[in-house]
*Asks:* 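Quick one: this structure, given as structure tokens, is what I'll be asking you about.
By convention here, the first residue in the shown sequence is residue 1.
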Amino acid sequence: MKITVLLLLFMSLIFAQEDKQVNPYTLGGGKKVGSLPLYLGGYFSTDYRSIAETNENRFRVDDIAFLAYGSFKKFSYMSELEYKEFYVKKWSDRNTSTQTHKKLRIERLYLDYNYDENLVLRVGKYNSPIGYWNLMPINVLRATTSSPLSSSMIYPKYTTGIDFSYLLFNDYEVKVDFLAQNNNDFDDAYNNFHIDKHYGIGMTYSKNDLSLKLNGGYFHTKKKVLPSTDIYYWLASLKYDNDDYKIMGELGTQFDKNGLLVPYSGYIQGLYRITEQHLPVIRFESYSSNILLGKKKDQFVILGYTYRPVFPMAFKAEYQIHVDKEKDKVLFSFSVMF
């Protein structure tokens, strides 16, 4: 908690002492620190969930994050420290509980070297460049409060190591990514899998409004929480984005040497821009898992709506309709980036 107080005091001093004429502040754009190649910012999000079938309710302050980023010549960097599920209150007909998690976590901490317009080297902890959803780590920038299950079931969300990306320009773009980790994470607890190895390759083809992507890889878990510690995956993705609507889809599989662990997990999502402020969204999801407890298959649809009074601020609502009716739920959230 002391670290948080110090960070807030430091940021308050920066904001108070800066000449607003030299470095004017806009919501979501961070605050430039004098003439330094440094911006300070952050974001937070809260949400409420209700499961009608069991009358289970949850309110939480989900994300409180502090960002520091900037660039100098061929170098750029990003640091993101975050409280995850800082405050959680659950209640139902049977009981009520409250939890707090006050440990500051390392979500991202990396350095980029832009050799030229084609080649970039990244070192540190970063969002694994897999699919499209995983490259949108900040809640306020996403279309819905909830994330597709494929983004947590198939591959590690974060990689601590190196990443090479090469971009080829023509009347289209082809991007190739190579990622490698052969060490412990900066923060083991802040990842969906506790890993000490991760190797992957990705290829993205983009032309006009259409983008197609294929990722494959291998990772090693430090603990045998799955049937094997050596896991492989594939993920195919698409995105079509124009001025009026945006369509995204991903489909992946996870397996080990003995067979399929997650035969499939995927989604297809459509977003329509009534205006830049009003954005209805619909998403269909389906998965089959051989490792989850309970029901191993599910299909559901998410009907959502996002209202953005300004772009870095979002009020979201969604209703999830599952084949398994006990999983039907309503979610509301508020998030803002500063």
*Asks:* Under 4.5 Å between any side-chain heavy atoms of Phe311 and Met337, yes or no?
*Replies:* no

*Asks:* Find the distance between CD (Glu82) and CG (Asp187) and round it off to the nearest 0.5 Å.
*Replies:* 10.5 Å

*Asks:* May I ask you to decide if Pro129's main-chain N or O and Asn215's side chain share a donor-acceptor pair within less than 3.5 Å?
*Replies:* yes

*Asks:* If we only count heavy atoms from C-beta on, is the Leu210 to Leu212 side-chain gap below 4.5 Å?
*Replies:*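 Answer yes - side chains close enough.
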
*Asks:* Start with the C-alpha gap between Ile302 and Gln269, add the side-chain angles, then the distance that decides, and say whether side-chain contact (heavy atoms from CB on, under 4.5 Å) holds.
*Replies:* CA-CA 9 Å; Ile302 294 174; Gln269 174 178 287; over 6 Å; no

*Asks:* Any carboxylate oxygen within less than 4.0 angstrom of a Lys/Arg side-chain nitrogen, looking at Arg283 and Glu285?
*Replies:* yes

*Asks:* Give, for atom CD of Gln254 and atom OG of Ser289, the distance between the pair rounded to the nearest 0.5 Å.
*Replies:* 8.0 Å

*Asks:* Where do Leu40 and Ala68 come nearest, in terms of heavy atoms and distance?
*Replies:* CD2-CB, 3.9 Å

*Asks:* Between Asn57 and Ser50, does any side-chain donor sit less than 3.5 Å from a side-chain acceptor?
*Replies:*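 Per modelled atom types, Asn57 and Ser50 side chains form a pair under 3.5 Å.
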
*Asks:* Less than 6.0 angstrom separating the ring centers of Tyr218 and His198, yes or no?
*Replies:* no

*Asks:* Which atoms form the tightest heavy-atom contact between Ser146 and Gln320, and what is the distance?
*Replies:* OG-NE2, 3.5 Å

*Asks:* Are side-chain heavy atoms of Phe300 and Leu149 found at a separation under 4.5 Å?
*Replies:*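 They are in contact (side-chain heavy atoms under 4.5 Å apart), so the answer is yes.
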
*Asks:* Calculate, to the nearest 0.5 Å, the distance between atoms OG and CZ belonging to Ser128 and Phe193 respectively.
*Replies:*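 Here the rounded value is 10.5 Å.
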
*Asks:* Is atom NZ of Lys197 surrounded by more than 12 heavy atoms (other residues, nucleotides or ligands) closer than 6.0 Å?
*Replies:* no

*Asks:* Report the C-alpha distance between Glu80 and Lys125 in whole Å, list the side-chain angles of each, state the deciding distance to 0.1 Å, and finish with yes or no for salt bridge (charged side-chain N to carboxylate O under 4.0 Å, His left out).
*Replies:* CA-CA 10 Å; Glu80 181 176 352; Lys125 181 173 183 177; over 6 Å; no

*Asks:* Answer yes if Leu141 and Tyr43 sit in the same cluster of Ile, Leu, Val, Met, Phe, Trp and Tyr residues linked by side chain heavy atoms under 4.5 Å apart, and no otherwise.
*Replies:* yes

*Asks:* State, yes or no, whether a side-chain contact exists between Arg142 and Ser147 at a heavy-atom distance under 4.5 Å.
*Replies:*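 Yes - at least one pair of side-chain heavy atoms lies under 4.5 Å apart.
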
*Asks:* Going through the checks in order, is the side-chain contact (heavy atoms from CB on, under 4.5 Å) test met by Leu251 and Tyr264?
*Replies:* CA-CA 7 Å; Leu251 179 63; Tyr264 63 86; 4.2 Å; yes

*Asks:* Check whether Tyr155 reaches the backbone of Gly131 with its side chain - one donor and one acceptor, N or O, closer than 3.5 Å.
*Replies:*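 No: the side chain of Tyr155 does not pair with the backbone of Gly131.
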
*Asks:* Could you give the distance from OG (Ser92) to CZ (Arg58), rounded to the nearest 0.5 Å?
*Replies:*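 One finds 14.0 Å between OG of Ser92 and CZ of Arg58.
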
*Asks:* Do you see a donor-acceptor pair shorter than 3.5 Å between the side chains of Asp196 and His220?
*Replies:*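 Yes, side-chain donor-acceptor contact under 3.5 Å.
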
*Asks:* Are Leu238 and Phe284 joined in one hydrophobic group, where the rule is that I, L, V, M, F, W and Y side chains link up if heavy atoms are under 4.5 Å apart?
*Replies:* yes

*Asks:* Should we count CG of Asp244 as having more than 12 external heavy atoms under 6.0 Å?
*Replies:*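 Enclosed.
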
*Asks:* Answer yes or no: is there a side-chain heavy-atom contact under 4.5 Å between Tyr77 and Phe72?
*Replies:* no

*Asks:* Grab the two heavy atoms, one from Ile268 and one from Gly249, that are nearest each other, plus how far apart they are.
*Replies:*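 In terms of heavy atoms, the two residues are closest at CD1-CA, 4.0 Å.
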
*Asks:* Between Asn139 and Asp63, is there a side-chain donor-acceptor contact under 3.5 Å, judged purely by atom types and distance?
*Replies:*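 The answer is no; no qualifying pair exists.
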
*Asks:* Grab the two heavy atoms, one from Ser151 and one from Asn192, that are nearest each other, plus how far apart they are.
*Replies:* O-ND2, 4.3 Å

*Asks:* Under 30°, 30 to 60°, or over 60°: which ring-plane class applies to Tyr113 and Phe75, parallel, tilted or perpendicular?
*Replies:*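 Tyr113 vs Phe75 ring planes: tilted.
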
*Asks:* Evaluate the side-chain contact (heavy atoms from CB on, under 4.5 Å) criterion for residues Asp62 and Lys84: first the C-alpha distance (whole Å), next the side-chain angles of each, then the deciding distance (0.1 Å), finally the verdict.
*Replies:* CA-CA 6 Å; Asp62 189 27; Lys84 187 67 176 174; 3.2 Å; yes

*Asks:* Determine yes or no for a side-chain-to-main-chain donor-acceptor pair under 3.5 angstrom, with Glu250 supplying the side chain and Trp133 the backbone.
*Replies:*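 Confirmed, Glu250 side chain pairs with Trp133 backbone.
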
*Asks:* Any side-chain to backbone donor/acceptor pair from Glu85 onto His101? Under 3.5 Å, distance only.
*Replies:* no

*Asks:* For a salt bridge (charged side-chain N to carboxylate O under 4.0 Å, His left out) with Glu56, tell me which candidate from Lys89, Arg94, Lys327, Lys90 qualifies.
*Replies:*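 Considering Lys89, Arg94, Lys327, Lys90, a salt bridge (charged side-chain N to carboxylate O under 4.0 Å, His left out) with Glu56 is found only for Arg94.
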
*Asks:* When you measure from the side chain of Lys74 to the backbone of Asn114, do you find a donor-acceptor pair of N or O atoms at a distance under 3.5 Å?
*Replies:* no

*Asks:* Indicate, with yes or no, if the rings of Tyr39 and Tyr69 have centres closer together than 6.0 Å.
*Replies:* yes

*Asks:* Drop me the distance from Ser206's OG to Tyr172's OH, to the nearest 0.5 angstrom.
*Replies:*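 Here the interatomic distance stands at 12.0 Å.
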
*Asks:* Answer with yes or no whether the hydrophobic clustering places Tyr232 together with Phe219; edges join I, L, V, M, F, W, Y residues whose side-chain heavy atoms lie under 4.5 Å apart.
*Replies:*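 Not linked; separate clusters.
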
*Asks:* Can you tell me how far apart NZ (Lys257) and OG (Ser228) are? Round to the nearest 0.5 Å.
*Replies:* 6.5 Å

*Asks:* Run the side-chain contact (heavy atoms from CB on, under 4.5 Å) check on Ile282 and Leu303 step by step: do they pass?
*Replies:* CA-CA 5 Å; Ile282 184 170; Leu303 305 174; 3.7 Å; yes

*Asks:* Evaluate the side-chain proximity of Tyr166 to Phe178: yes if any heavy-atom separation is below 4.5 Å, no if none is.
*Replies:*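 Not touching, per the 4.5 Å side-chain cut-off.
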
*Asks:* Closer than 3.5 angstrom, by distance alone: can the side chain of Thr306 be matched with the main-chain N or O of Phe315 as a donor-acceptor pair?
*Replies:*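 No; judged by distance alone, with no hydrogens or angles, the pair does not exist.
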
*Asks:* Going by the rule salt bridge (Lys or Arg N to Asp or Glu O under 4.0 Å), which residues pair with Arg49 if we only count those two or more places apart in sequence or in a different chain?
*Replies:* none

*Asks:* Decide whether Val61 and Leu331 are clustered together by the hydrophobic rule: side chain heavy atoms of Ile, Leu, Val, Met, Phe, Trp, Tyr closer than 4.5 Å, transitively.
*Replies:*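 Different hydrophobic clusters.
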
*Asks:* Ignoring hydrogens and geometry, is there a side-chain-to-backbone donor-acceptor pair from Asn118 to Leu167 under 3.5 Å?
*Replies:* yes

*Asks:* Would you find a donor on one side and an acceptor on the other, under 3.5 Å apart, between the side chain of Asp256 and the backbone of Gly259?
*Replies:*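 Judged by distance alone, yes, a pair lies under 3.5 Å.
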
*Asks:* Is there a side-chain contact between Ile274 and Tyr305 (heavy atoms, below 4.5 Å)?
*Replies:* yes

*Asks:* Closer than 3.5 angstrom, by distance alone: can the side chain of Asn191 be matched with the main-chain N or O of Pro156 as a donor-acceptor pair?
*Replies:*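 No; judged by distance alone, with no hydrogens or angles, the pair does not exist.
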
*Asks:* Looking at side-chain heavy atoms only, is the closest gap between Phe334 and Phe44 below 4.5 Å?
*Replies:*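 In short, these two side chains touch, coming nearer than 4.5 Å.
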
*Asks:* Of all heavy-atom pairs between Ala65 and Phe338, which one has the smallest distance, and what is that distance?
*Replies:*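 Reported closest heavy-atom pair: O-CZ, 4.3 Å.
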
*Asks:* For a quick test of reading the model, state the closest non-hydrogen atom pair linking Met78 to Leu67 and the distance between them.
*Replies:* SD-CD2, 4.2 Å

*Asks:* Would you say the side-chain atoms of Thr160 and Asp185 include a donor-acceptor pair closer than 3.5 Å?
*Replies:*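 Asp185 and Thr160 do have a side-chain donor-acceptor pair below 3.5 Å.
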
*Asks:* With a 6.0 Å cut-off on ring centres, are Tyr245 and Tyr272 close enough?
*Replies:*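 No.
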
*Asks:* Met248, Leu235: one ILVMFWY side-chain cluster at the under-4.5 Å cut-off?
*Replies:* no

*Asks:* Hey, is Glu107 close enough to Lys157 for a salt bridge, meaning N to O under 4.0 Å?
*Replies:*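 No, Glu107 and Lys157 are not salt-bridged.
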
*Asks:* Any donor and acceptor pair, going by atom type alone, linking the side chain of Arg108 with main-chain N or O of Gly124 inside 3.5 Å?
*Replies:* no

